[in-house]
> 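Quick one: structure below, then a few questions.
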Amino acid sequence: MAAMFRNFPSTSDAFKNFPHRSTTDEGAIRSPPRKAARLDQNTHVSNVSSSRNQKGKATAVPPRGKGMTLNIRSSFDLRPELDGLFVILRRSVGSIMTPPEQANPITASFETIYMACKVLVVMADRGHDVYQSVKLELEKAIDKMVKVMKTPLEGVAWLDGFTTRMDWLHKRLSLLQSILVDLDQSYVLRHPELKPVKDLCLDIIRDSIYAHSGCSSKISSGIRQWALQERTEVLKDASGDTIMDDSPDANDAKQKSRSIVQRLISVLRIVGLFNSHFLTPFVSCTTDFYSKYAKETMEESETLSPTAYMVRCEKRLAEESQLVAELVDDNDGSFVIRAAELALMPRDLMRKLASPAVHDAMTGRRIPELARMYTLYKRIDNLDDLQVAFVARLQVRHPAPMSQEVVKDILKDNIAEIVRDVAKDDDMVTRLLDEKEFLDKILVVAFHERPSQSTVDQGGDIPDARAEDGDEDRPFSYAARGAFEKGFLARKRKPAEMIAKYVDLAMRKGQREESEDLFWKEIDNVLGLYRFTQDKDVFRTFYERALAKRLLLQRSASDALEERVINRLRDGYDPEFGKGNDMFKDIALSRDLLSEYRARNRAHQDKKMSVMVLKFSTWPFPKYEGTVNLPPQMSQALSSFTEFYKQKHKNHKLDWNHSLGTVTLMAQFDSGEKELSLSLYQAVVLLLFQDENKLCYQDILLQSGMKSADLIPTLQSLALGRTRVLAKRPPGKEVADTDEFLFNVKFDDRRHKLHIPSIQQQETVEETKRIELAIDLDRQASIDAAIVRIMKGHKKLMDEALKIKTIEVLRKHFVPAVQDIKKRIEHLLERDYM
C-alpha cells in the first residue's frame with residue numbers, strides 16, 4: 001500500500017477526500033496503555049527525549065525525502081524501561097563474574113543481556129553509566145574471588161586450585177567481553193582514555209590478586225616445590241606421601257604436576273605476568289638447585305673423576321632442556337638453560353677439572369669425551385680454559401704434581417719425546433703420523449676446527465685444510481701445530497732427515513696394490529709433517545740425494561710418479577725443489593745419447609750396457625775417488641763409449657763413478673740358476689770366483705784393485721747379509737785380513753731373481769755426517785749472501801735489526817741461530833764485505 005502511495009503523482013489529491021480521524025476525538029479508538037512508538041534502529045533516542053517539552057507529546061521525524069510525514073503523539077515515559085534494563089545488565093555482570101560458591105543465578109538470558117547493553121549504550125546513550133557499573137561489579141566479583149582462594153594449601157596443591165579458578169575466571173571474562181561488545185565498540189572506542197572490558201578486568205585481576213603479596217609468594221613457593229620434584233629422585237603426592245622415582249606412580253605424579261604448571265603459565269601469559277611471576281622465580285630456583293648440586297656432587301666422593309662429573313652435567317642439562325621445551329618456547333627457555341649451565345659448571349670448578357679431564361681422555365684416546373668437554377665448555381663461554389689444558393697436555397705441562405706413571409703415559413705419545421727417542425728413529429715418522437692423525441681427529445670431531453694439513457676426512461661442514469693460513473680463529477688447531485713445531489726442535493734436523501727417508505721408502509715401494517687416492521693421501525700426510533720443521537733445507541738435501549740414487553740405481557717404482565712428487569714439492573712446499581726436474585732432463589738426454597751410441601756400434605758392443613751421463617752441478621754426489629779393476633769386457637765397453645762421447649763433445653770431461661754402477665749376473669748354484677742384481681763392486685768380487693772356489697781377503701783386495709774401505713762392506717754384503725752367496729771362514733761379523741771366502745754353491749732361495757743390497761749404496765753414518773757437513777757449509781753461504789743483500793739494500797743497519805732481517809729472509813729454508821749470524825757478520829767484516 002505504501003508503494004502505491006509513493007507512485008502517485010505529486011499533483012494528486014487522492015487523500016483530500018479520505019476521512020481524517022484525530023487521535024484526540026471522543027470515541028476514537030485508543031491504543032493500549034503504555035503503547036510507545038516503534039523506533040527504528042537508526043533513530044537516536046535523544047530525538048525522542050528532546051521533544052518532551054511539549055507536555056508529554058513525542059514526535060518521531062522520519063528522514064528527509066519524498067513521501068508523507070507521520071506525527072505520533074504519546075503520553076508514556078521510557079525512563080523506567082531503560083532503568084529496568086540497566087538493573088538487569090548490572091546484576092547479570094555481577095552474577096557472571098562472581099565465583100560459583102557466592103554467585104546468584106543469572107535470571108536473564110545472554111541474548112537479553114546483550115540487547116540490554118546495546119539499547120543502553122547505542123540507543124539510550126548511557127554508555128558512561130554502563131561502563132562505571134561494569135567496573136564496580138568486576139571489582140566486587142574479584143574481591144569475592146580473592147576471599148574464596150584463601151586456603152591452607154601450599155605448593156603445587158595450592159597452584160592446582162589457583163589455576164583452576166583462574167581458568168574459570170578467564171573463560172567468564174571472554175564470555176563477558178562478547179556480551180558487552182557494544183560497550184567496547186560504541187562507547188570505549190570514542191573515549192581513548194578508557195580501556196576495553198577485557199583489559200579493565202585484567203587490570204583489576206592484577207591489582208587485586210597478583211599484586212597481593214600472599215598470592216605472589218605462594219606462586220613462587222609452588223614453582224620451587226614443583227621444580228625440586230622434577231629434578232630430584234624423591235617425589236611427594238598431594239597427600240604428602242613419598243613416591244620414589246623408580247615407582248610406577250612417579251611418572252604420573254610428575255606429569256600431573258607438570259600439567260598444573262603448564263596451566264599456570266597459560267593464565268600468567270593472559271595477564272602479562274609470565275616473566276615476573278614464573279620465569280624469574282623459576283630461573284632463581286634453578287640457580288639455587290644446581291649450585292647446591294654441583295657443590296654436593298664434588299664433595300660426595302673424592303674418587304669422582306672429572307670425566308664422570310661432566311657426564312653428569314651433560315645428562316642434567318639434557319633433562320633440563322627436555323623439561324623446558326615442554327613448558328616454554330626457545331627464547332624463554334634459554335634463560336633457564338643458561339642459569340642451569342652457569343650454576344652447574346662454575347668457571348672456577350671447570351678450570352680445575354679441565355687439565356685432568358683432557359689428560360684422561362687423550363691418554364685413553366677417547367675422542368667422544370673430548371667432544372663432550374668442548375660442548376660443555378663452549379656452553380659456558382669458557383673454551384680458553386679447555387685450550388690451556390689441551391696445550392699443557394701436548395707440551396707435557398700439568399698444573400698438579402704427576403706420578404711416574406702419569407708422566408710415562410704423557411711422554412709415550414708426546415711429540416718431543418717421539419723425536420728424542422733415538423732407539424726408535426726408524427719408527428719416528430710412523431709414530432708422528434699416528435699422533436698427527438689422532439690430533440686431527442680431535443680437531444675435526446671434537447673441536448670442530450680444520451687442522452693444519454689434515455690427515456683425516458673432515459666432512460662437508462669443515463673447510464679444506466690445504467689452505468694453510470686462514471684468517472679464522474682456530475685456537476686448538478694452532479695449539480696442535482705449535483706442539484709439532486716445538487716438538488721438532490727437541491732434536492733439530494733429525495725429523496726432516498727421517499721424513500725424507502720415509503718418503504724415499506714410499507717411492508721405492510710405489511703404489512703397488514693401493515689405489516691412487518690412497519697412495520697420494522699417504523704422501524700428503526708425510527709431507528704435512530714436513531711443514532712443521534724449520535729445517536726445510538735438510539729435508540730437501542736428503543730427499544734430492546735419495547731421489548738421485550733411486551733414479552740411477554733404477555729403484556724407483558715409476559719415473560712419472562717421481563716427477564709428480566717433485567712438482568708437488570716445488571709448487572706447494574719449496575721452489576728450490578726445481579733441481580729434481582734437472583735430474584729428469586739429464587736422464588732423458590742420457591737415454592738419447594745411449595740410443596745414438598748403440599746405433600753406431602751395433603756390431604761391436606753389448607747392447608745390454610747402459611750408461612748415464614750426468615752433470616756434477618745437478619746431482620748431489622761428490623767426486624768419485626775410488627778404484628776398481630773392471631773385467632776386460634766391461635773395461636772395453638766403457639772405453640768405447642768414452643771415445644764416442646769425446647768425439648761428440650770435445651770440450652767435455654767424462655769421469656766414471658763406479659760406486660753407483662749396477663750389474664745383473666747369472667749364477668749357477670746346486671739348487672739351480674739364479675739372476676742376481678748387484679752393485680758394480682759386488683759383481684767385480686763375484687766374478688773373481690769364476691776360476692777359483694776359495695780366495696783370501698788379500699787376494700781379493702789385490703785382484704779387484706778396490707780400496708779396503710770399499711772392499712770390506714762389499715764382502716760383508718755378500719757373505720754376512722741375508723743373501724749369502726759367499727761363505728766366510730772363520731765365521732764372524734767382521735772382516736779380517738786373514739779371512740777366507742768361498743763361493744757358496746749350496747745357496748738356495750725359492751726366488752729366481754734376487755737383489756743383494758749394497759752397503760755403499762745405502763745411507764751410512766759416515767755419509768750422513770758428510771751430508772750434514774755439506775748442509776752446514778751451504779747454510780754459511782746462505783747466511784753470508786742474505787747479510788750482503790740486506791746491507792746493499794739498507795746501507796746502514798743496527799746489529800739487532802740486521803739479525804732479525806736475516807732470520808726473516810732465511811726462515812723459508814731454515815731458521816739460523818743468532819749466534820751463527822753473529823759469527824758470519826764477524827767473518828764478513830774480516831773480509832771487508834761490510
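Position 1 is the first residue of the sequence, and the numbers go up from there.
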> Under 3.5 Å, is there a donor-acceptor pair between the side chain of Q534 and the main chain of V815?
no
> Decide yes or no for T363 and R393: does some side-chain heavy atom of the first lie under 4.5 Å from some side-chain heavy atom of the second?
yes
> Before you tell me yes or no, could you show the steps for K492 and V538 under side-chain contact (heavy atoms from CB on, under 4.5 Å), namely the whole-Å CA-CA distance, both residues' side-chain angles and the distance that decides it to 0.1 Å?
CA-CA 10 Å; K492 293 198 67 174; V538 175; over 6 Å; no
> Could you walk me through whether R779 and D537 satisfy the salt bridge (Lys or Arg N to Asp or Glu O under 4.0 Å) test, starting with their C-alpha distance in whole Å, then the side-chain angles of each, then the deciding distance to 0.1 Å, before giving a yes or no?
CA-CA 9 Å; R779 286 188 171 187; D537 59 334; 2.7 Å; yes
> Should K646 and E643 count as an ion pair when the cut-off is N to O under 4.0 Å?
no
> Strictly by side chain to side chain donor-acceptor pair (under 3.5 Å), give each pair with a member in residues 801-817 just once, sequence neighbours left out.
D799-K803
> Side chains of N567 and R564: donor-acceptor distance under 3.5 Å anywhere?
no
> Under 4.5 Å between any side-chain heavy atoms of I415 and K436, yes or no?
no
> Kindly give the heavy-atom pair with the smallest separation between P713 and S708, and that separation in Å.
CD-O, 4.2 Å
> Has the side chain of R491 got a donor or acceptor atom that lies under 3.5 Å from a matching backbone atom of I418?
no
> Can you list, pair by pair, the side-chain donor-acceptor contacts under 3.5 Å of residues 381-388, counting residues two or more places apart and other chains?
residue: D381; atom: OD2; partner: R338; partner atom: NH2; Å: 2.9
residue: N382; atom: OD1; partner: R347; partner atom: NH1; Å: 2.8
residue: N382; atom: ND2; partner: D385; partner atom: OD2; Å: 2.9
residue: D385; atom: OD1; partner: R351; partner atom: NE; Å: 3.3
residue: D385; atom: OD2; partner: R351; partner atom: NE; Å: 3.3

> Measuring from atom CG of L518 to atom CD1 of I523, what distance do you get when rounded to the nearest 0.5 angstrom?
10.5 Å
> Which class fits the ring pair F539 and F577: parallel under 30°, tilted 30 to 60°, perpendicular over 60°?
perpendicular
> Examine distances only and state if a side-chain atom of R474 and a backbone atom of E449 form a donor-acceptor pair shorter than 3.5 Å.
no
> Kindly write out the residues that satisfy ring pair (Phe, Tyr, Trp, His ring centres under 6.0 Å) with H649, not counting sequence neighbours, or none if the list is empty.
Y645, H652
> Does K352 NZ have over 12 foreign heavy atoms under 6.0 Å away?
no
> Side chain to side chain contact (heavy atoms under 4.5 Å, CB included) with Q780: which residues, sequence neighbours excluded?
L777, R824
> Let me see the working for K501 and D425 under salt bridge (Lys or Arg N to Asp or Glu O under 4.0 Å), right down to the final yes or no.
CA-CA 11 Å; K501 292 180 178 179; D425 274 351; over 6 Å; no
> H658 versus L630: any side-chain heavy-atom pair under 4.5 Å?
yes
> Looking only at non-hydrogen atoms, find the nearest pair between A500 and F542 and report the distance.
CB-CB, 3.7 Å
> Given salt bridge (Lys or Arg N to Asp or Glu O under 4.0 Å), test E497 with R493 step by step and report yes or no.
CA-CA 6 Å; E497 174 189 341; R493 298 190 182 185; over 6 Å; no
> Could you go through M634 and V628, starting from their C-alpha distance and side-chain angles, then the distance that decides it, and tell me whether this counts as side-chain contact (heavy atoms from CB on, under 4.5 Å)?
CA-CA 12 Å; M634 291 184 186; V628 63; over 6 Å; no
> Quick one: does any side-chain atom of K494 pair with a main-chain N or O of V422 as donor and acceptor, under 3.5 Å?
no
> How many angstroms lie between atom CZ of R770 and atom CD1 of I775, to the nearest 0.5 angstrom?
13.0 Å
> Short question: side chain of N629, backbone of M706 - any donor-acceptor pair under 3.5 Å?
no
> What I'd like to find out is whether the side chain of L593 reaches to under 4.5 Å of the side chain of F644, using heavy atoms alone.
yes
> Of all heavy-atom pairs between M612 and L552, which one has the smallest distance, and what is that distance?
SD-CD2, 3.5 Å
> Quick one: pull up CG in L680 and CG in D710 and give me the separation to the nearest 0.5 Å.
11.0 Å
> Is there a donor-acceptor contact under 3.5 Å from the side chain of S590 to the main chain of V613?
yes
> How about L433 and Y502: do any of their side-chain heavy atoms sit closer than 4.5 Å?
yes
> Working to the nearest 0.5 angstrom, can you tell me the gap between D360 CG and M373 CE?
8.0 Å
> Quick one: does any side-chain atom of T618 pair with a main-chain N or O of M583 as donor and acceptor, under 3.5 Å?
no
> Given W619, which partner from the list L551, L547, D582 fulfils the side chain to side chain contact (heavy atoms under 4.5 Å, CB included) test?
L551
> Taking the basic N atoms (NZ, or NE/NH1/NH2) and the acidic carboxylate oxygens, is any pair closer than 4.0 Å for D517 and K521?
no
> I'd like to know whether M507 forms a side-chain contact (heavy atoms from CB on, under 4.5 Å) with L561, so could you lay out the CA-CA distance, the side-chain angles of the two residues, the decisive distance to 0.1 Å, and finally the verdict.
CA-CA 8 Å; M507 297 306 295; L561 198 62; 3.8 Å; yes
> Search all heavy atoms of A496 against all heavy atoms of D535 and return the closest pair with its distance.
CB-O, 3.4 Å
> Determine whether V809 and R789 make a side-chain contact, defined as any pair of heavy atoms from C-beta on separated by less than 4.5 Å.
yes
> Just by distance, do the side chain of S717 and the backbone of T714 share a donor-acceptor pair under 3.5 Å?
yes
> Can you tell me how the ring of F641 sits relative to the ring of Y597, calling it parallel under 30°, perpendicular over 60° and tilted otherwise?
perpendicular
> Mind checking the OG1-CD spacing from T627 to E625? Nearest 0.5 Å is all I need.
11.0 Å
> Are any of the side-chain heavy atoms of Y543 and I566 separated by less than 4.5 Å?
yes
> So, applying salt bridge (Lys or Arg N to Asp or Glu O under 4.0 Å) with D574, which one of K536, R540, R568 is it?
R540
> Tell me, please, which residues at least two apart from F447 pass ring pair (Phe, Tyr, Trp, His ring centres under 6.0 Å).
Y374, F390, F476
> List for me each residue that meets side chain to side chain contact (heavy atoms under 4.5 Å, CB included) alongside D421, sequence neighbours excluded, and say none if there are none.
A423, K424, R431
> Rounded to the nearest 0.5 Å, how far does OH of Y624 lie from CG of L660?
9.5 Å
> Could you check M362 against I442 for side-chain contact (heavy atoms from CB on, under 4.5 Å), going step by step and ending with a plain yes or no?
CA-CA 9 Å; M362 293 187 66; I442 292 176; 4.2 Å; yes
> Is any NZ, NE, NH1 or NH2 atom of the basic residue among E435 and R365 found under 4.0 Å from an Asp or Glu carboxylate oxygen of the other?
yes
> Does some side-chain heavy atom of E596 sit less than 4.5 Å from a side-chain heavy atom of K648?
yes
> Compare every heavy atom of P451 with every heavy atom of S477, then report the nearest pair and how far apart it is.
OG-CA, 3.6 Å
> Measure across N657 and S659 and return the closest heavy-atom pair with its distance rounded to 0.1 Å.
OD1-OG, 2.5 Å
> Salt-bridged, E522 to K509, with N to O below 4.0 Å?
no
